[in-house]
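First the structure, in the form of structure tokens, and then the observations on it.
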Amino acid sequence: MLNSGMVDKFRRWIEESEEIVLTCHVRPDGDAIGSTLGMMHLLQTLGKKATVVVPDQPPRSLAFLPGFKDICIFTRHDEYSRRLMSEADLIICSDFNKLSRQDSLGAVTEAASAKKVMVDHHQQPDNFCDLSFSYPDMSSASELMFRLIAAMGYYTEMNLDSATCICTGIITDTRNFSVNCKNPDIYEVLMRLLDKGVDKTKIVREALLTRSLWSLRLQSYALAEKMEIFEKWHCAVTALDKSELERFHYERGDTEGLVNEALDVRGIYFSFFLREDDDCVKVSARSIEDFPVSKICEDVFGGGGHLMAAGAEFKGSLEDCRKKLIEAIPEYLCYLPSRPRKVE
Ligand code: MN
């Protein structure tokens, strides 16, 4: 599946490099952090000076990962991040394929003179890297990173820390092997990681389940009081404004996973969650059975993502965002299955 000429080139570039930076998208998730830290540990084992530089603060749910505290956060350490980027021989861009996904760090990545390698699984990559591994069929950037490590012949050098980070990326992007993992050989990858001694139970608990009490209360409130169900459209829309977020002591990450909850209801095929932020409304969308929420996010809000997991940012009020969405939805109902199940 991987092009061996490209893999050889990647390996050669690693061998030739002294200082390597790994970087990812803004609001980094388990896959972004898992894939970069996972590769960082391997590169350190190979004797390289490898550092992870991220656009902004990663979530606390990933603090258990080995190497987490050494991550260089651009919004906090602007100058140090710039120096690492400009002095790097090689920059590995993981889990994103457009420089705009890095916010203001994108310009720093772009300006760096290092060779750049993309390791990503999103659709329609931009051409800003010297070597691009872009595989939208992969479950996660972490799965792709593992495959590259194995293909380059580094599996033996991979230690438990590296395997733990890579496994976390796969587990978070697939929600513990429940989505985005149709391909059976993902379990072979899992087996190779477990062979390294990875504690999968701990990863699931820390990265997916553990949450704050206020997060649980906020989400319970949202589901009980704020989730609108459009039965004929087989869809749910949940919106939270600032005062509600404040009432439940909202911290970043507290609404993680909320958009998925409605999909557990029989007959609901797609779900939107709208959250009022400081300067915009954050839109997230999830669906089942190939309903293309990415298309709605793209057409209506100029966002994007995966077919069944997408998002956008809306400049305007929460109510305008909600209205715009609800007005647009009927146009997309043709993508529902021909005989959708009744909502019940
Ligand atoms: Mn990902």
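Side-chain atoms are counted along with the backbone in the values below, which use heavy atoms only and exclude waters and symmetry mates. Note that ligands are numbered from 1 as they come in the structure, with each ligand's atoms numbered from 1 the same way.
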With respect to the Mn ion (ligand 1), what is the nearest N, O or S atom of D173?
OD2
Centroid-centroid distance, F270 to Y332, less than 6.0 Å:
no
Just say parallel, tilted or perpendicular for the rings of H25 and H122, cut-offs at 30° and 60°.
perpendicular
With M145, the side chain to side chain contact (heavy atoms under 4.5 Å, CB included) member among L42, T36, D31, I92:
I92
For the Mn ion (ligand 1), find the closest N/O/S atom on D31 and give its atom name.
OD2
Is the NZ or CZ atom of K196 both under 6.0 Å from the centre of the six-membered ring of Y155 and within 45° of that ring's axis?
yes
For the Mn ion (ligand 1), decide whether D95 has an N, O or S atom at a distance under 2.8 Å.
yes
2.8 Å cut-off met by an N, O or S atom of H121 to the Mn ion (ligand 1)
yes
